[in-house]
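Index from 1, following the sequence.
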Amino acid sequence: MITLLRVSRPAIRFVSVLCACAVFAGGWITVSAGQSRSITEGVYSSQQAARVKPIYEEQCASCHGTALEGAVGGPLTGDGFLANWSGRPLSNLVDKIQKTMPFDSPGTLSRQQSIDLAAYMFEVGKFPAGRAELNENGLAQIALPIVNSSGANARAGNVSELMRAIAFPNSNILFNLQLKDPSKEPKREMPVPFDYAKWGDTIYPGWLAIDQAALALIESTPLLLTPGRLCQNGRPAPVDRADWKQYVADLVDVAQLAYQTSKARNYDGFADFSEKLNQTCANCHKVYRDVGGTEGSGMQRCLIPNP
Ligand code: HEC
Ligand code: HEC
C-alpha cells in the first residue's frame, strides 16, 4: 500500500510501503517433515479427471475459463497458480476448493468432488497420471511443486517486485525535490560508514540523480506492458487492456515532464510535480491494486474491473 506522508507546509509526498501485502496469509500450514510424495509422481488417475470434467465445466469454467486459463477467477494451471501453492500440502488446495468454491456457492462440493477437481487441474496442467485415484488418504503427505513467485514465463519480477525495484526508489528521488534544490547541494565527501544512497550522490551529484530517476521511470514503462507479466497473486497483469495502457502512457508523460524539467535545471518547474506524479501512480493503483480492502485484497488485484 502506498501512503502519503503528510508533513505540514508544504504537504510532502513520499512513497512508503506500509503493507507488502501478505497475499498468502491465513491459516496455511507449511510443508511438514512427513511429506513424502509430489504431484509429479502420478498421484491421480485419468478416469478420475474425466469423471469430474462435467462438474468443472458447469460450476467452474465460467470464472476460471474452459482451459483453466483464468477469467474473473485466476488461472488454475501454470506458474502463477503453482507459485501460490508452492511446496504446500495438497490437502490445503483441496480444502480451498471445498470450503470456498464455487465462489458464488461455497460449501456445496463434496470432499470427493473437491479431490477430483484437483486431479482435473493436474491433468490439464500436464502433471502425469498414475494408476491409482487420488483420495483422502495421504493427501497431506503429497506436496505441490516448489515454484518461484515470479513464474518462469515472466522471466523476472512480478508487477509488485518491479514497482518496488524501479517505481518506488525513483519516485522517492523525485519526491525529494520538495525538500532539496539539487543545485544548492553542497559537495559531498565519501560517507563512512558506507551508505549506498549517499555514496551514489558523490558519484552522480545534484541534478544528475534527478535526470536518472526520471529516465528510470520512462525506460521501465515497457516492462509494465510485457506479455506474461504476472501480479503477486498469479493473475496476469492486464497488459492488453486499454485503460492499463493509458495509465502506463500517463506515467511516461509525467516522467518525461520530470526529465525535461530536470535537464533544464529548472527547480521551480518542480513546484507542483509531486502532486502530478502521485496522482499518476494512484490512478492505476485505485483500479488494479487497492481494490477489495486490506483483508484479502491480494486476490482481488489485477482483476478486470466491472464496467
Ligand atoms: C463466480 C466465479 C467463480 C466460480 C464459479 C469459481 N471460482 Fe474459483 N475463484 C474465483 C475467484 C474470484 C478466486 C480468487 C479469490 C479466492 O481465492 O477466493 C478463485 C480462486 C480459486 C482457487 C485458488 C486459486 C489460486 O491461485 O490460489 C481455486 C483452486 C479455485 N478458485 C477453484 C475453483 C473450482 C474448482 C471451481 C468450481 C467448483 C471454482 N473455483 C469456481 C472465482 C470463482
Ligand atoms: C499501470 C498501472 C500502475 C502504475 C502506473 C503504477 N503502478 Fe504501482 N502497482 C500496480 C499494481 C497492479 C500493483 C500491485 C502488483 C501486484 O500485486 O503484483 C502495484 C504495486 C506497487 C507497489 C508495491 C506495493 C504493493 O502493495 O504491492 C509499489 C511500491 C508501487 N506500486 C509504486 C508505484 C509508484 C510509485 C508508481 C508511480 C510512479 C506506480 N506504482 C505506478 C500498478 C501500477
Honestly curious: do Tyr267 and Phe175 fall in one hydrophobic cluster under the side-chain, below-4.5 Å linking rule? yes
Say you draw a straight line from CG of Leu134 to CG of Leu139; how long is it, rounded to the nearest 0.5 Å? 5.5 Å
Could you tell me if Ser262 and Asp211 have a donor-acceptor pair between their side chains, going purely by distance under 3.5 Å? yes
Nearest heavy-atom contact between Ala140 and Pro89 is O-CB, 3.6 Å
Check step by step if side-chain contact (heavy atoms from CB on, under 4.5 Å) holds for Lys96 and Trp85. CA-CA 11 Å; Lys96 164 81 189 176; Trp85 299 92; 3.5 Å; yes
Between Arg235 and Gly74, what is the shortest heavy-atom contact and its length? NH2-N, 3.5 Å
Determine whether Leu224 and Met163 satisfy the following criterion, side-chain contact (heavy atoms from CB on, under 4.5 Å), listing intermediate values before the conclusion. CA-CA 9 Å; Leu224 296 173; Met163 293 279 155; 3.6 Å; yes
All side-chain contact (heavy atoms from CB on, under 4.5 Å) counterparts of Phe103, not counting sequence neighbours: Met101
Can you measure from CD (Gln279) to CG (Asp272) and round to the nearest 0.5 angstrom? 12.5 Å
Do the charged groups of Lys276 and Asp250 touch, with an N to O distance under 4.0 Å? no
Do Ser171 and Ser274 come close enough that some side-chain heavy atom pair is under 4.5 Å? no
What is the minimum heavy-atom distance between Thr108 and Gln113, and which atoms define it? O-OE1, 4.3 Å
Any link between Val124 and Leu90 through a network of hydrophobic side chains (Ile, Leu, Val, Met, Phe, Trp, Tyr) touching at under 4.5 Å? yes
Among Leu225, Asp243, Val239, side chain to side chain contact (heavy atoms under 4.5 Å, CB included) partner for Val248: Leu225
Linking I/L/V/M/F/W/Y whenever their side-chain heavy atoms sit closer than 4.5 Å, directly or via other members, would Leu251 and Leu215 fall into one cluster? no
CZ/Phe273 to CD/Gln178 distance, rounded to the nearest 0.5 angstrom? 10.0 Å
Evaluate the side-chain proximity of Arg241 to Ile304: yes if any heavy-atom separation is below 4.5 Å, no if none is. yes
Looking at side-chain heavy atoms only, is the closest gap between Leu303 and Val291 below 4.5 Å? no
Before giving the answer on side-chain contact (heavy atoms from CB on, under 4.5 Å), spell out for Tyr56 and His64 the whole-Å C-alpha distance, their side-chain angles and the decisive distance to 0.1 Å. CA-CA 9 Å; Tyr56 179 84; His64 291 285; 3.2 Å; yes
Kindly work out whether a path of hydrophobic side-chain contacts (I/L/V/M/F/W/Y, heavy atoms less than 4.5 Å apart) joins Leu217 to Leu223. yes
Quick one about Arg37 and Gln141 (side-chain donor to acceptor, distance below 3.5 Å, no hydrogens or angles considered), yes or no? no
Closest heavy-atom contact between Gln98 and Ser114? CB-OG, 3.2 Å
Can you name the residues that form a side-chain contact (heavy atoms from CB on, under 4.5 Å) with Ser183, not counting sequence neighbours? Asp181, Trp207
Apply the test side-chain contact (heavy atoms from CB on, under 4.5 Å) to residues Asn176 and Asn172: give CA-CA distance (whole Å), side-chain angles for both, the deciding distance (0.1 Å), then the verdict. CA-CA 6 Å; Asn176 207 27; Asn172 278 333; over 6 Å; no
Identify the two heavy atoms, one from Ser45 and one from Arg131, that lie closest to each other, and give their separation to 0.1 Å. CB-O, 3.8 Å
Find the distance between SG (Cys60) and CG (Leu68) and round it off to the nearest 0.5 Å. 8.0 Å
Salt-bridge test for Arg51 and Glu133: reply yes if a basic N is under 4.0 Å from a carboxylate O, no otherwise. yes
Residues Phe270 and Ile210: closest non-hydrogen pair is CZ-CG2, 4.1 Å
Heavy-atom check, side chain of Val52 versus side chain of Ile55, under 4.5 Å: yes
May I ask you to test the Thr77-Lys126 pair for a side-chain heavy-atom distance under 4.5 Å? no
Under 4.5 Å between side-chain heavy atoms, hopping through other hydrophobics if needed: is there a path connecting Val252 to Ile173? no
Interatomic spacing from CG in Leu117 to CD in Gln48 - rounded to 0.5 Å: 10.0 Å
Could you tell me the separation between the CZ atom of Phe168 and the OG atom of Ser160, rounded to the nearest 0.5 Å? 11.0 Å
Compare all side-chain heavy atoms of Leu208 with those of Pro205 and state whether any distance is below 4.5 angstrom. yes
Side-chain contact test, heavy atoms from C-beta onward, threshold under 4.5 Å: evaluate it for Leu257 versus Leu277 and give yes or no. no
Which pairs count as ring pair (Phe, Tyr, Trp, His ring centres under 6.0 Å) when at least one residue sits in residues 230-258, sequence neighbours excluded? Trp244-Tyr288
Taking side chain as C-beta onward, heavy atoms only, is Leu93 less than 4.5 Å from Met121? yes
